[in-house]
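Each chain gets a letter, A, B and so on, in the order the sequences are listed, and its residues count up from 1.
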Number of protein chains: 2
Amino acid sequence: MEGATVEIEKAATILKLLGDKTRLTMVKMLDTNDYCVCEFVEIFQMSQPAISQHLRKLKDAGVVRETRRGQWIIYSLNKESEYYPFVQSLLHHLPNQDFRLKELEEQGLRISCD
Amino acid sequence: MEGATVEIEKAATILKLLGDKTRLTMVKMLDTNDYCVCEFVEIFQMSQPAISQHLRKLKDAGVVRETRRGQWIIYSLNKESEYYPFVQSLLHHLPNQDFRLKELEEQGLRISCD
DNA sequence: TGTTTATATAAGCAAATTATTATATATTAA
DNA sequence: TTAATATATAATAATTTGCTTATATAAACA
């Protein structure tokens with residue numbers, strides 16, 4: 001096995017966090033692009049507080065991090081996390097979600113630019 | 001990426017299931033050995049119905065399966081599951097739990113024999 | 001400055017989760 | 001056949017989760 005082992009308790013915490021369709025999709029999307037909150041609101045057709053709360057959980061666990069860019073707060077995967085390799089290897093099994101970015105762009109709603 | 005992709009929704013279901021310390025430990029243990037219900041009861045110091053309910057969830061999702069051996073019901077990882085490769089790759093990141101089996105044996109409480 | 005836009009936080013609530021206790025079922029053994 | 005053992009299921013209670021609405025904060029812009 002490559003990479004260090006993840007303590008069972010911490011692994012369970014991360015898996016529970018990713019065991020939600022919205023958060024799992026977010027994290028898969030963040031694996032290839034950065035997004036701001038309002039883009040997620042658009043994509044998931046969910047209220048802004050609901051999206052913020054999902055992102056806060058991911059941030060508290062160190063899975064994602066945020067940077068302010070003007071009035072927007074951009075979220076990205078935290079690749080420095082000691083759990084990143086673990087998360088990564090999960091994401092490899094999931095289907096690409098780039099179609100969601102395409103939809104955003106087609107609607108002229110893309111904001112973050114990497 | 002090797003192996004087929006797991007639908008996001010199904011992946012979230014499996015991750016939520018494994019996002020519980022008890023179930024995650026069970027599955028990691030089952031990756032190398034089979035166990036009966038009463039062994040798990042001993043190991044986790046939890047009521048028998050609680051253990052049965054965890055196992056039922058894992059069974060309903062197709063992650064584990066059961067075989068009766070006399071009065072015992074032996075649980076094992078379902079390696080035929082289409083999600084087995086996904087589960088496997090998670091388990092690789094977790095620390096070995098063989099010390100739990102050793103403890104069982106030292107207490108003379110080991111029942112299942114593979 | 002005041003207004004708009006993007007985001008976060010708090011309070012409250014319904015649904016889901018995880019344990020418990022009590023009871024039913026199935027196999028083994030006396 | 002009866003008692004003991006292993007397991008499952010049902011009912012229930014406590015806790016957690018994920019949304020909602022209302023409100024606060026912070027940057028941008030007129």
Side-chain angles (χ1 to χ4, degrees), chain A residues 8-9 12-27 29-30 34-61 63-76 104 107-113, chain B residues 8-9 12-27 29-30 34-61 63-76 104 107-113:
Chain A
I8 285 253
E9 201 147 349
T13 302
I14 291 175
L15 296 180
K16 180 188 282 180
L17 212 68
L18 298 183
D20 172 277
K21 194 191 169 187
T22 302
R23 287 191 296 265
L24 185 60
T25 307
M26 283 175 162
V27 171
M29 291 174 66
L30 290 171
D34 295 349
Y35 290 90
C36 70
V37 179
C38 63
E39 289 171 322
F40 282 132
V41 169
E42 189 57 42
I43 287 164
F44 293 107
Q45 293 290 303
M46 204 176 273
S47 76
Q48 176 266 313
I51 295 293
S52 273
Q53 284 159 20
H54 280 305
L55 287 168
R56 181 152 59 108
K57 286 180 187 180
L58 291 171
K59 195 185 67 176
D60 287 351
V63 174
V64 307
R65 52 181 186 192
E66 50 173 51
T67 344
R68 182 174 278 279
R69 182 137 74 208
Q71 62 193 138
W72 296 285
I73 293 182
I74 308 297
Y75 280 87
S76 55
L104 262 193
Q107 296 177 267
L109 296 169
R110 177 63 172 164
I111 284 161
S112 332
C113 26
Chain B
I8 285 252
E9 201 146 351
T13 302
I14 292 175
L15 295 179
K16 180 187 282 180
L17 212 67
L18 298 183
D20 173 276
K21 194 190 168 187
T22 303
R23 286 192 297 265
L24 185 60
T25 307
M26 282 174 162
V27 171
M29 291 173 67
L30 291 172
D34 295 349
Y35 291 89
C36 69
V37 179
C38 62
E39 290 172 321
F40 283 131
V41 169
E42 191 56 43
I43 288 165
F44 293 106
Q45 292 290 302
M46 203 176 271
S47 75
Q48 175 267 314
I51 296 293
S52 273
Q53 282 157 23
H54 280 305
L55 288 168
R56 183 153 56 110
K57 285 179 187 180
L58 291 170
K59 195 185 68 177
D60 287 351
V63 173
V64 308
R65 48 177 193 196
E66 50 173 50
T67 344
R68 182 174 277 280
R69 183 138 72 208
Q71 62 192 139
W72 297 286
I73 293 182
I74 309 295
Y75 281 86
S76 55
L104 262 192
Q107 296 177 268
L109 296 168
R110 176 65 171 164
I111 284 160
S112 332
C113 27

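Rounded to whole Å, atom P of D/dT20 lies 12 Å from atom CD of A/Q45. When rounded to the nearest whole Å, the span between CZ of B/F44 and P of C/dA19 equals 11 Å. Atom-to-atom, CE of B/M46 to P of C/dT21 comes out at 13 Å; the value is rounded to the nearest Å. Distance, A/I74 CD1 to C/dA8 P: 11 Å, rounded to whole Å. Atom-to-atom, CZ of B/F40 to C1' of D/dA8 comes out at 16 Å; the value is rounded to the nearest Å.
The closest side-chain heavy-atom distance from B/Q48 to B/C38 is not below 4.5 Å. In this structure, A/E66 and A/W72 have side chains that are not in contact, with every pair of non-hydrogen atoms separated by 4.5 Å or more.
Nearest-nucleotide assignment on DNA chain C puts the 5′-proximal partner with A/I73, out of A/I73 and A/K16.
Contact check of residues 52-61 of chain B against DNA chain C (heavy atom, cut-off under 4.0 Å) returns B/Q53, B/H54, B/K57.
Judged by distance alone with a 3.5 Å cut-off, no donor-acceptor contact links the side chain of A/Q48 to the base of C/dA6.
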Sub-3.5 Å pairs of nitrogen or oxygen atoms, protein against nucleotides 25-30 of chain C:
none

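The side chain of A/Y75 places an N or O atom within less than 4.0 Å of a non-bridging phosphate oxygen (OP1 or OP2) of C/dA8. An OP1 or OP2 oxygen of C/dA6 is reached within less than 4.0 angstrom by no side-chain nitrogen or oxygen of A/Y35.
Counting any heavy atom pair closer than 4.0 Å across all strands shown, A/E39 reaches no nucleic acid atom.
B/Y75 pairs in a side chain to side chain contact (heavy atoms under 4.5 Å, CB included) with only one of the listed residues (B/V37, B/D34, B/V27), which is B/V37.
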Per-pair distances, 0.1 Å, donor-acceptor, side chain in residues 13-23 of chain B, under 3.5 Å, sequence neighbours excluded:
from, atom 1, to, atom 2, distance (Å)
B/T13, OG1, B/E9, O, 3.0
B/D20, OD1, B/T22, N, 3.0
B/D20, OD1, B/R23, N, 3.0
B/K21, NZ, A/E9, OE1, 3.3
B/R23, NE, B/L17, O, 2.6
B/R23, NH1, B/H54, ND1, 3.0
B/R23, NH2, B/L17, O, 3.4

